[in-house]
Amino acid sequence: MVSGVQIQYYFICARKLWLFSKNIQLEEGHERVQAGKLLHERSYKSADKKELAIDNIKIDAIDGEYVREVKVTSRMTKADRWQLLFYLYELKKRGLNKKGLISYTKEKRTEEVILTEDDEQKLDEIIDRIYEIMEQPQPPGVINAPICTKCAYYDFCYAEEGDD
Ligand code: SF4
């Protein structure tokens, strides 16, 4: 079953998605991930905002008609948006119709996210594509993108390349 993190990684890097899906998870000690966890703890102290975990989805907070996600920066806007759309879609499949709000703390900006039928169709295609990537026997190639220097897999990816 596909998770929200996998949807996010699909938009960041297919190799990252593959490595993560094979349980090669180097995220835990990574500085940016720790920052995200700290942010998460600080952002959801309010008792009326409940964290929700159902099957493959783990939502930061449900706040009335909204599903809320808090991110440090808007650097991954597209990936963040699709991750939230995926949560809205999964909730809708379970009979819960919600809207989404993403808050970017660094930019002090909040964006509303509404799930459309087009988004649902696109998510079905994305999920199929994620399964195809996960089934590949070898990881997709490194992407040599600026984002790599911020990625927990950086040493793994580029050390491996250097050994070729
Ligand atoms: S370091 Fe770059 S190529 Fe490797 S998984 Fe991360 S984003 Fe992808």
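When a ligand or atom number is given, it counts from 1 through the structure's own listing order. Count residues from 1 along the sequence.
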task: Keeping waters out of it, list the protein N, O or S atoms under 2.8 Å from atom 6 (Fe) of ligand 1.
output: Cys151 SG

message: I'd like to check the salt bridge (charged side-chain N to carboxylate O under 4.0 Å, His left out) partners of Glu132; sequence neighbours left out, ordered by chain and number.
response: Arg129

- prompt: Short question: side chain of Trp18, backbone of Gln136 - any donor-acceptor pair under 3.5 Å?
  reply: yes

message: Please evaluate residues Asp80 and Thr77 with respect to the criterion side-chain hydrogen bond (donor to acceptor under 3.5 Å, both in side chains), reporting the C-alpha separation (whole Å), side-chain torsions for both, the decisive distance (0.1 Å), and the verdict.
response: CA-CA 5 Å; Asp80 293 339; Thr77 308; 5.6 Å; no

message: Quick check against the 3.5 Å criterion: does Arg15 have a side-chain atom that pairs as donor or acceptor with the backbone of Gly141?
response: no

Distance-only check: which donor-acceptor pairs under 3.5 Å involve side-chain atoms of residues 121-128, not counting sequence neighbours?
from	atom 1	to	atom 2	distance (Å)
Asp124	OD1	Tyr89	OH	3.1
Asp124	OD2	Tyr89	OH	3.2

query: Mind checking what makes ring-ring contact (aromatic ring centres under 6.0 Å, His included) contact with Tyr66, not counting sequence neighbours?
result: none

